[in-house]
Amino acid sequence: MKKTKTLEIYLKDKKYKIFLGNELIDKIDIILNCHLKNRKVVILYDKILKKQLNVLKFSLSKITSKLVTIEINSGEKSKSLSNYIKICEKVIKTSINRESVVLAFGGGVIGDLAGFVSSTLLRGINFIQIPTTLLSQVDSSIGGKTGINSAYGKNLIGTFHQPVAVLSDVNLLHTLNKREVLSGYAEIVKHSIIKDKIFFEWLEKNGSYIINGDNDLRIEAIFNSCKIKKSIVQEDEFEKGNRALLNLGHTFGHAIEGYLNYDGTVLHGEAVSVGIIMAFKLSIKKGYCSETDLQRVTKHFNKVGLPTSIKYLTNKITNPLKLWKIMQNDKKMQNDHLKFILPECIGKSKVFTEIKKSEVLTLLNEELKT
Ligand code: NAD
């Protein structure tokens, strides 16, 4: 069995480790002993993970007798204000104290929700991320963004609350369906396009094996992806500047999801994958980037099965102006300008704030014309 890989995130006044490897939930009693021994541990878990929960509970029972589990329904709807309140009350009812620890066992939905719950309970208690989707292992479990959705948009209610540790067990990924794997893979490619051309080249060679379930290559890909996110988050924990780079493809991606009222028919990573291609197209229009790089990324997406156009995703998106309006409501508006993260080439992206409405509308019209 391969050794566990670790990566440490250093922030201004805290640091924490990401543990990455095989069968880690079986050994949580050893790996995270210092955070969990004899403490009350409240596991908030995705309903779909009932079987895996038993393994986790067995391991934890070796170091604490104060174990509580709270089941959460799968899906984005669980990130609601009403559900947040319900879960807080359930956790409080178990008589937690400031030493208690919340454990998020699930994908990004559970991580965001459990993170927000733990950041507000008793003015903030410790929490640990055990991400169970590829997307959450490479992205949402690290960096400390927590949140739930408002009637006005996604993730509009939230905090920055870093976990005390992240335990990413690649064995958990084998029950994910292919679409969910691809959705997470899109975020891995995104990280390479932002900052690391050599990693992108490695993904061109290994992408299909990663998607098809090779554990060792998955560990390598998740590790490199987390390294990129780590370097950006360490520089700008509270997204005052360059952390926005992580939103490459997201201004278009969120607009696509928003247009469909986040009904789940398009997965986040699928929307981001189309968003990345659109970001390349906008960048080419502005003269920042070459056509060759767009062709290379498109070829890779086609090869692994990621979508490259809105029309390929859905036929429900037809109105460019409506898409534009949704973009304007996104958090990335700054002083009336839309902030776009655009690639200058594979491996280097930048934040641009001077993009005109007409330029974006031209692109949206081209994208949606029949
Ligand atoms: P998710 O948590 O909804 O998981 C996707 C699906 O996979 C769900 O149906 C879930 O039940 C299922 N699932 C989870 N683990 C599984 C497993 N091991 N085997 C089989 N099925 C499993 O979604 P996600 O894609 O992990 O994350 C998306 C969420 O993350 C969104 O709410 C998004 O806003 C958020 N997000 C947050 C950040 C951040 O920095 N905090 C970053 C990116 C995305």
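Atoms within a ligand are numbered from 1 in the order they appear, just like the ligands themselves.
In this structure, H191 has its ring center no closer than 6.0 Å to that of F199. Between Y185 and H300, the ring centre distance stays below 6.0 Å.
Under 4.0 Å is where a charged nitrogen must lie from a carboxylate oxygen, and between E237 and K12 no such pair does. Looking at R179 and E270, a side-chain N of the basic residue comes within less than 4.0 Å of a carboxylate O on the acidic one, giving a salt bridge. Salt bridge status for E235 with K230: absent, with no side-chain N to carboxylate O gap under 4.0 Å. A salt bridge does not link K311 to E367: none of the charged nitrogens lies less than 4.0 Å from a carboxylate oxygen. Residues K50 and E71 are paired through a salt bridge, judged by an N-O separation under 4.0 Å between the basic side chain and the carboxylate.
When the heavy-atom distances from atom 22 (C) of ligand 1 to V138, N149, I110, L176 are ranked, the shortest goes to L176. Which of H254, R243, K154, H268 comes nearest to atom 33 (C) of ligand 1 through a heavy atom is settled by distance: it is K154. The nearest non-hydrogen atom to atom 44 (C) of ligand 1, considering only L135, L246, I142, comes from L135. Evaluated by nearest non-hydrogen atom to atom 24 (P) of ligand 1, the leading choice among G106, G108, G75 is G108. Closest to atom 17 (C) of ligand 1 by heavy atom, among N247, N177, T175, is T175. The nearest non-hydrogen atom to atom 8 (C) of ligand 1, considering only I72, D46, V181, I48, comes from D46.
Those atoms of ligand 1 that come under 4.0 Å of a heavy atom in S74, given as number and element, are 11 (O). The ligand atoms of ligand 1 that sit less than 4.0 angstrom from a heavy atom of E76 are 31 (C), 32 (O). Of all atoms in ligand 1, listed by their number and element, those nearer than 4.0 Å to a heavy atom of E180 are 5 (C), 6 (C). Residue K145 has at least one heavy-atom neighbour below 4.0 Å for each of these atoms of ligand 1: 40 (O), 41 (N).
Through side-chain heavy atoms spaced under 4.5 Å, either directly or across other Ile, Leu, Val, Met, Phe, Trp or Tyr residues, F160 is tied to F238.
For S95, there are no side-chain hydrogen bond (donor to acceptor under 3.5 Å, both in side chains) partners, not counting sequence neighbours.
In terms of polar-atom proximity, defined here as any N/O pair under 3.5 Å, T133 does make such a contact with ligand 1.
Contact analysis puts L49 in contact with ligand 1, with a non-hydrogen atom separation below 4.0 angstrom. In this structure, K229 has a heavy atom closer than 4.0 Å to ligand 1.
The protein heavy atom nearest to atom 15 (N) of ligand 1 is T132 OG1, 2.7 Å. Of the protein's non-hydrogen atoms, the one nearest atom 35 (C) of ligand 1 is D112 OD2, 3.3 Å. Protein heavy atom nearest atom 38 (C) of ligand 1, with residue, atom name and distance: S140 CB, 3.2 Å. Of the protein's non-hydrogen atoms, D139 OD2, 3.6 Å is the one closest to atom 43 (C) of ligand 1. In terms of protein heavy-atom proximity, atom 3 (O) of ligand 1 is nearest to V109 CG2, 3.3 Å.
Side-chain contact check for H254 and N247: no donor-acceptor pair (N or O, by modelled atom type) lies under 3.5 Å.
At a heavy-atom cutoff of 4.0 Å, ligand 1 is contacted by the side chain of K79 but not by its backbone. At a heavy-atom cutoff of 4.0 Å, ligand 1 is contacted by the side chain of N155 but not by its backbone. Residue contacts with ligand 1 for L173 are absent, since no atom lies close enough (heavy atoms, distance under 4.0 Å).
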* Evaluate the salt bridge (Lys or Arg N to Asp or Glu O under 4.0 Å) criterion for residues D29 and K37: first the C-alpha distance (whole Å), next the side-chain angles of each, then the deciding distance (0.1 Å), finally the verdict. => CA-CA 8 Å; D29 56 313; K37 191 164 185 199; over 6 Å; no
* List the steps and the verdict of salt bridge (Lys or Arg N to Asp or Glu O under 4.0 Å) for E204 and K299. => CA-CA 9 Å; E204 284 183 310; K299 188 172 166 203; over 6 Å; no
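What you find for S283 and C289 is that their closest heavy atoms are OG-CB, 3.2 Å.
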